[in-house]
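In what follows, chains carry the letters A, B, and so on, assigned in the order in which the sequence lines appear, proteins first and then strands, with residues in each chain numbered from 1.
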Number of protein chains: 2
Amino acid sequence: MMRMSEQGSTPGRATIRDVAREAGVSVTTVSHVLNGKGTASEATRRRVLAVADRLAYRAHPMARGLRRGRTGVLGLDMRPLDAIGSYLPAGVDYFMRFAGAAAVTALDHGLGLMLVPDPTRSDITQFAHGVDGYVIGDPVRDDPVLTRLLDAGVPVVSVGRDPGRPDFTDWVGPDDTYETQRVLDLLRSRGAERVALLAGTDDNAWNVDSERAYRSWARRHDMPTRVLHIPEADGEDGGRDAARRFLAGKRPRPDAIYCQTGRHAAGVLDEARRLGFSVPRDLLIATGSDAQQTRHSVPAITALDLVPEDSGKAAVELLIARLNGETAPGPIILPAKLWMRASTGDA
Amino acid sequence: MMRMSEQGSTPGRATIRDVAREAGVSVTTVSHVLNGKGTASEATRRRVLAVADRLAYRAHPMARGLRRGRTGVLGLDMRPLDAIGSYLPAGVDYFMRFAGAAAVTALDHGLGLMLVPDPTRSDITQFAHGVDGYVIGDPVRDDPVLTRLLDAGVPVVSVGRDPGRPDFTDWVGPDDTYETQRVLDLLRSRGAERVALLAGTDDNAWNVDSERAYRSWARRHDMPTRVLHIPEADGEDGGRDAARRFLAGKRPRPDAIYCQTGRHAAGVLDEARRLGFSVPRDLLIATGSDAQQTRHSVPAITALDLVPEDSGKAAVELLIARLNGETAPGPIILPAKLWMRASTGDA
DNA sequence: ACCTTTTACTAAAACGTTTTGTCATGTATG
DNA sequence: CATACATGACAAAACGTTTTAGTAAAAGGT
């Protein structure tokens, strides 16, 4: 018959006091054994572990968090949910893969991951005591959430850099310049001589760096440039609109279109075909962000896969390193994958 | 110059002791004023509120959680992440809408929502102290996670019922019988005389009830039945396979196919068209779960929208009611929306 | 033999908040 | 006048764990 703590308000759960009593040692010794601190004889250590196991003892995270000053929970900034599929360039697919990997990585380090909805609805520092740090995605220039967290002294890691904050190096993500030019090189190798860019309008580093990469690449290859800025939120409709303007206007039409977002690319493809263009024969299409839409369109669209699983994992690991006081180097540059598909004449 | 607590390990944050000192009252009085308990004179109350506001005081959730025995965090069971897009019948779209609404609802009640990844990877009760209760989705018959949580005495609400546990009424969700027959009625009103069912293989109430509804509906209308069970995880490929078996076999072909999952429906549509069937002229298609694939296919597929936002909200609210000791009635039946689209001849 | 260091262990404080228990005073009622 | 109740307030305990500070004994070095 198991004798539980006779004090307290948590019926049925063993406390460290119960373990100490049954093992015949102090609570300090139990804590030391379970946390690998202090010293304990081998016999004592074994006895404590056996009792803890038998009582199914588990430290109470509230108590532990209070004493340690750490909660064991990381916050994941979940941008405006009423705009699902719009804010996130690659749609919900990307975010789920990212969040999933982040949650699993956190768990592997014994941490929980809390969803923090729409920071514009509440003061994100409201949870500042409840989480050890935050992961936020794609900061815009002088990102207000990032600013607030940094001002509050909250550890934070972002996916992608803040273009207005070059001194902030705690971020993970791809080298957008390199990856963008990699796709452009592919388009050129497939015969493209007039590549147009369909960019987004968010003032984040991804957009900024990709456009800059496009322009310098075009200069280097003596190619004319043509850029349209369409809000990410316009999705496939935005892509259709862009296709009409690129392909049906007076100006020389491009023979390839590089779209920042997968949803724009799907719309471009849809409209180009409607206008009678054969893809990839008449027009090549590629995108900087793989998504369901680009994988399942006909023809499937060549895309950069930003591998959100890697971003999620790396972001959590960097944040944990920061929390442990490690001076791990940032930023952490992650490679993207280039999926060559039928839209560029690839199998 | 603000004088902060001179004890403690949380630099820069006001504690309740600081507020008490500056307001010239005890910490008990501050706690009572801020939590609406005990008694305090109007003058004292005003003074305390003013000081707390000036010091930007916020209760430390660890300390509060420890003393109250409640953490202010709800857990959201996030099923196998390595199967994103497969476990969830409607794919990631559904889950994000659900999780988003749940997180926002929790926040509206001052609570956080924690993602608990893949219960098969860890003991879900690991977090039992760290959360006040759980929301889990689509329990299978005698669901192991539900069982474990109930055994551990953890408050839990599920979306959909456990078909093996009729006594468990803390669930929210649609009336699958009614909603299924509603779609079937639509198919019949569009001239269908031979409706086939493409069901999933998960032994959850959604599948069980929908198939039962289909069979009784067909009996009532003197219609022949034809059912295929294809794993949800097969997605569009599973739908394509099913279409071949329904439409190209020796048996009388159906003139309508009701698919449980949107991804199956998209696959059925794809293959039916490849086989030369015109939708909706030769064949009607509908699904019990709206998704991106059903909204964006050509023609768009008539679908039941389970409105995951409503489920997420209702689940969190029911869980909160339970935590507050309220005997709110369960289950909470939520209506679905029927989106009539081109696949059934609707605009 | 003596001094220093290490091992093994303990009691108490600390973390920040909420709840419990108590006291003094004033008011209403029988 | 005596009693009961309400108001306003306070000190201390409670929640469960980790860390701090300390001691006795054993081990190692000179």
[X] vs [N]: side-chain N/O to OP1/OP2 distance below 4.0 Å:
{"X": "Ser41(B)", "N": "dA9(D)", "answer": "yes"}
{"X": "Thr44(A)", "N": "dC9(C)", "answer": "yes"}
{"X": "Tyr57(B)", "N": "dG16(C)", "answer": "no"}
{"X": "Thr39(B)", "N": "dT7(D)", "answer": "no"}
{"X": "Thr15(B)", "N": "dC15(C)", "answer": "no"}
{"X": "Lys37(B)", "N": "dT19(C)", "answer": "yes"}

**Prompt:** Taking everything shown except Arg46(A) itself, do over 12 heavy atoms lie less than 6.0 Å from its CZ?
**Reply:**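 No.
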**Item:** Leu146(A), Thr147(A), Asp151(A), Val145(A) screened by side-chain contact (heavy atoms from CB on, under 4.5 Å) with Leu149(A), the one that passes
**Value:**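 Considering Leu146(A), Thr147(A), Asp151(A), Val145(A), a side-chain contact (heavy atoms from CB on, under 4.5 Å) with Leu149(A) is found only for Val145(A).
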**Request:** Tell whether Thr28(A) reaches the base of dT19(D) with its side chain through a donor-acceptor pair below 3.5 angstrom.
**Result:**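 Check passes, donor-acceptor contact within cut-off.
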**Message:** At less than 3.5 Å, do the side-chain atoms of Arg67(B) and the base atoms of dT18(C) form a donor-acceptor pair?
**Reply:**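 It does, because a donor-acceptor pair links the side chain of Arg67(B) to the base of dT18(C) below 3.5 Å.
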Can you tell which of [options] lies closest to the side chain of [X]?
{"X": "Thr29(A)", "options": "dT10(C), dT18(D), dA11(D)", "value": "dT10(C)"}
{"X": "Arg17(A)", "options": "dG16(D), dT18(C), dT19(D)", "value": "dG16(D)"}
{"X": "Ala59(B)", "options": "dT17(C), dC9(C), dC10(D)", "value": "dT17(C)"}
{"X": "Arg64(B)", "options": "dT10(C), dT18(C), dC10(D)", "value": "dT18(C)"}
{"X": "Leu66(A)", "options": "dT19(C), dG16(C), dA11(D)", "value": "dG16(C)"}

Integer-rounded Å distance: [N] [atom2] and [X] [atom1]:
{"X": "Arg13(A)", "N": "dG16(D)", "atom1": "CZ", "atom2": "C1'", "answer": "13 Å"}
{"X": "Arg21(A)", "N": "dC9(C)", "atom1": "CZ", "atom2": "C1'", "answer": "19 Å"}
{"X": "Asn35(A)", "N": "dT20(D)", "atom1": "CG", "atom2": "P", "answer": "13 Å"}
{"X": "Ile16(A)", "N": "dA11(C)", "atom1": "CD1", "atom2": "P", "answer": "14 Å"}
{"X": "His32(A)", "N": "dA21(D)", "atom1": "NE2", "atom2": "C1'", "answer": "11 Å"}
{"X": "Arg68(B)", "N": "dT20(C)", "atom1": "CZ", "atom2": "P", "answer": "12 Å"}
{"X": "Arg45(B)", "N": "dA9(D)", "atom1": "CZ", "atom2": "P", "answer": "12 Å"}
{"X": "His60(A)", "N": "dA14(D)", "atom1": "NE2", "atom2": "P", "answer": "17 Å"}

**Message:** Between Glu42(A) and Leu34(B), which residue's closest nucleotide on DNA chain C lies nearer the 5′ terminus?
**Reply:**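 Looking at DNA chain C, the more 5' nearest nucleotide goes with Glu42(A).
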**Message:** If I compare all heavy atoms of Ser158(B) with all of Phe168(B), which pair ends up nearest, and what's the gap?
**Reply:**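 Scanning both residues completely, I find the closest heavy atoms to be OG-CE2, 3.5 Å.
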**Prompt:** For Pro163(B) and Asn204(B), which heavy atoms make the closest approach, and how far apart are they?
**Reply:**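 Minimum heavy-atom separation between Pro163(B) and Asn204(B): CG-C, 4.0 Å.
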**Prompt:** Can Thr105(B) and Asp108(B) be counted as having a side-chain donor-acceptor contact under 3.5 angstrom?
**Reply:**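 No - no donor-acceptor pair under 3.5 Å links their side chains.
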**Message:** Run Val19(B) and Arg21(B) through side-chain contact (heavy atoms from CB on, under 4.5 Å) and show every step you take.
**Reply:** CA-CA 5 Å; Val19(B) 178; Arg21(B) 184 162 47 235; over 6 Å; no
**Prompt:** If each of Val27(A) and Ala40(B) is mapped to the nucleotide of DNA chain D with the nearest heavy atom, which maps nearer the 5' terminus, i.e. the 5' end?
**Reply:**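 The residue closer to the strand's 5' end, by nearest nucleotide, is Ala40(B).
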